[in-house]
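Read through the structure below, which is laid out as structure tokens, and then see the notes.
Scope of the values below: all heavy atoms of this structure, side chains included, with no hydrogens, waters or symmetry mates.
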Amino acid sequence: MSFRRDYITRPIFSFARGVLPPMSDTEREALEAGDVWWDADLFTGNPDWSKLLANAPAALTEEEKAFLNGPVDELCAMLDDWKINWEWRDLPPEAWDFIKRHKFFGMIIPKEFGGLGFSPYAHSEVVRKLSSRSLAAAVTVMVPNSLGPGELLMRFGTKEQQDRWLPRLADGRDIPCFGLTSPEAGSDAASMIDTGIICKGTFEGREVIGLRLNWHKRYITLGPVSTLLGLAFKAYDPDHLVGPEEDLGITVALIPTHLPGVRIGHRHLPAMQVFQNGPNWGHDVFIPLDYIIGGQERLGQGWKMLMTALAAGRGISLPSLSAAGAAYAARTTGAYARIREQFGISISKFEGIEEPLARIAGTAYLLDAARRLTCAALNQGHHPAVISGIMKLHATERMRIVIDDAMDIHGGKAVIDGPQNYMGSLYRAVPVGITVEGANILTRNLIVFGQGAIRAHPYLLAEMNALRDEDRTRGLEAFDKSLWSHVGHSFRTLFRAWGRSWSGGIFAPAPEAGAATRFYRQLSRYSSAFALAADMALLTLGGALKRKEMLSARLGDILSELYLLSAALKRWEDEGRQQADFPALEWCMASGFKTIENRLAEILGNLPNRFVAVLLKFFLQPWGARVLGPTDRVVHQCAQLILEPSAARERLTPDLSHVDDDRGVARLEKAFRLYAASEDIRKRLHAARIHEWKEGVKKGVITQAEGEKLAAAHDAVMMVIEVDDFAPEALSPIYKKSADVHQFFQELGEQRAAS
């Protein structure tokens, strides 16, 4: 007999069982999907930095490198983004054929099934490079390798299903898509009304037990060209043909699109992005039970299967595209700001331009660091659901900020569309990334902290499982053990957070990392503050925290910053502590620390239990939020990273597509190199107050060769600044030839005057 268990824990156990909010099957399955990784360390309030630094960085095999430098570069060279988006409205036929022939759709499929068997990091690198050339091509390639029939078959399919379908998916004989979203159910998949009724029917000439399906799906990428549809629906067994239960739950099955009753709709046009996307329907489509992914035993397990697959896919595809977008913006915007002059000087010299340039450069450094760290975890076999949510949310949101900054700096150059506009397509694509694979509003307000608190907290999940245990005796025993371990952990966290906050983190644990050591100390400090604030929010609000979405979002923001900043420190270490890159790291840290302190202050200002809020403020923020963000010095130094041709600029923007087609980016890169190489010549002319290079040659200030070099740079810059214009008949069918324009408006004016 235990006095503590029977007289102290038991009343708490009984009370907690009574107030524990109910959890739906879809919520429980989402929580159980995937696993935890570094996020669990951050939740302890005392992360073990040696564990993070000991992780091998993501790396490519020689075969994967050869694919990137071979077929991926070849595919990039055959893609003309302007024609794809505005003339063809699709990838050209030769690109589709090339993608299938070189097994781009089978990157993640093992070699034994005819795929390439690439690592998550290789998948990420392919998407990243393609994204810097054509978003339509990148989306086309990334979707079959993310959430879809291939991923689900590899994880949950029967041996017969894998042998039959994976080789066809790998070589492009079948093009896959996945139907989850419907008009009635977007983020709330539990509300879907798509159904599969278990019944007897005839399939390929034989009577079998199967499913009669009816559905309506929309926003389905590759749907209009798909030959194999992965379908999510709710399965029912009204005649109890397979068991006593009638409502079996969400199920996923394979639907060849040639089956009777399947109707493929016309195409959607998502924000003027022309990757294949559209609706589809099914009316009384009959399939045998062995078309359920995983067979009959997987009936009703579809949501858990989807969440498990999504735990990996969300960490690769859109974060890779977003990281590519940030790096692309850094490379192009830095170059454009350097060569574009206003008021007689490069606009990069203005502090008002330096600030967004630094934000672009710092974000590019941060996102690629987080992408690499997440891929390293995936390469090791982890499926970190919370981290994948963080990555999708923050990668796409920060890409939005970066692209807006890039558009502001480019001005009219990025507004006027045409073959020379290398920013417009990316700008239009931002809302698509924000919306798909789970709306960012939902992810921020409900998932990151809501799922993270339960999965990554050292004790909370064990306590919840104990409270839900139908065997009260066993549940009490488990709860007693977890509860008091949790209490001890909370007290240790309180004193740890108090000491680190009041001392400014001076004595917080940190590895020896040179100039970056102080950043580790601050992250240790903030991790303990976060852990204490999270525990107190959970203790005082309990299940009600689920409805306090703004508080949950702020706690999630802190957890996200802790992960992203950890990734930046890991990148700094993995790349050999490149001193030239330190301003980017410093910018990331100062920006992240500011966000953490502000979110913590907002939590303390809005926590309903004001007594606990005041105590927490005393322990964690006695002087309020004091970090102001990057200093002007850091902003200036960070901006300089993308304003000069250098190794640092190459490290910040690596492995983007570089196609020398004398258009857009190719012209910009040429002008940037020539402009930077002629800087000294320009300075000498300026010092001599000479405006024409020929006059400088006459006066002996520069040589003829130097003058010609300056002229070449000027001509190259003028070609970049140039924007496209179009004959009226090229833009509108109203006009058949240019002369008709004036006649049209003249006649229109005469008609209005007469009326």
For this session: With ring-ring contact (aromatic ring centres under 6.0 Å, His included) as the test, would you mind laying out the steps for W572 and F519 before giving the verdict?
Result: CA-CA 12 Å; W572 165 258; F519 299 142; 8.7 Å; no
Exercise. How are the rings of H382 and W37 set to each other: parallel, tilted or perpendicular (split at 30° and 60°)?
Worked result: tilted
Exercise. Would you call D655 and K65 a salt bridge, taking side-chain N to carboxylate O under 4.0 Å as the test?
Worked result: no
Exercise. So W82 and W88, ring-ring contact (aromatic ring centres under 6.0 Å, His included) or not? Walk me through it.
Worked result: CA-CA 9 Å; W82 172 257; W88 303 328; over 10 Å; no
Exercise. Hey, what do you get for CD (E94) to CD1 (I99), rounding to the nearest 0.5 Å?
Worked result: 10.5 Å
For this session: Give the intermediate values and the outcome of side chain to side chain donor-acceptor pair (under 3.5 Å) for residues R298 and Q301.
Result: CA-CA 5 Å; R298 291 288 183 181; Q301 297 183 27; 2.7 Å; yes
Problem set entry | Salt bridge K103-D171, side-chain N to carboxylate O under 4.0 Å | no
Exercise. Are D90 and R267 side-chain neighbours, meaning at least one heavy-atom pair lies under 4.5 Å?
Worked result: yes
Problem set entry | Stepwise salt bridge (charged side-chain N to carboxylate O under 4.0 Å, His left out) check, E573 with R577 | CA-CA 5 Å; E573 197 68 26; R577 304 182 187 178; 3.0 Å; yes
Exercise. So does E63 pair up with K111, basic N to acidic O under 4.0 Å?
Worked result: yes
Exercise. Would you call the rings of H410 and Y422 parallel, tilted or perpendicular if under 30° counts as parallel and over 60° as perpendicular?
Worked result: perpendicular
Seminar exercise, completed: For R444, the side-chain hydrogen bond (donor to acceptor under 3.5 Å, both in side chains) test, sequence neighbours excluded, returns D557
For this session: For T257 and S226, indicate whether the former's side chain and the latter's backbone hold a donor-acceptor pair under 3.5 Å.
Result: yes
Problem set entry | Lys/Arg N to Asp/Glu carboxylate O, R133 vs E74, below 4.0 Å | no
For this session: Please work out which of the three classes, parallel, tilted or perpendicular, describes the rings of F67 and F118, given edges at 30° and 60°.
Result: perpendicular
Problem set entry | Side-chain donor or acceptor of S527 paired with backbone N/O of L523 under 3.5 Å | no
Exercise. Thinking salt bridges, do R400 and D404 make one under a 4.0 Å N-O criterion?
Worked result: no
Exercise. Is NZ or CZ of R372 both nearer than 6.0 Å to the six-membered ring centre of Y121 and within 45° of the ring axis?
Worked result: no
For this session: For the residue pair F104 and H102, categorise the inter-ring angle as parallel (less than 30°), tilted (30 to 60°) or perpendicular (more than 60°).
Result: perpendicular
Problem set entry | Ion pair D368/R371, N-O distance below 4.0 Å | yes
For this session: Measure from the side-chain N and O atoms of S322 to the backbone N and O of M399, and report whether any donor-acceptor pair falls under 3.5 Å.
Result: no
For this session: Decide, yes or no, whether a salt bridge links D35 with R455 under the criterion of side-chain N to carboxylate O below 4.0 Å.
Result: no
Exercise. Do V252 and I292 come within less than 4.5 Å of each other through their side chains, counting heavy atoms only?
Worked result: no
Exercise. Would a distance-only check, ignoring hydrogens and angles, find a side-chain to backbone donor-acceptor pair under 3.5 Å from N379 to A58?
Worked result: no
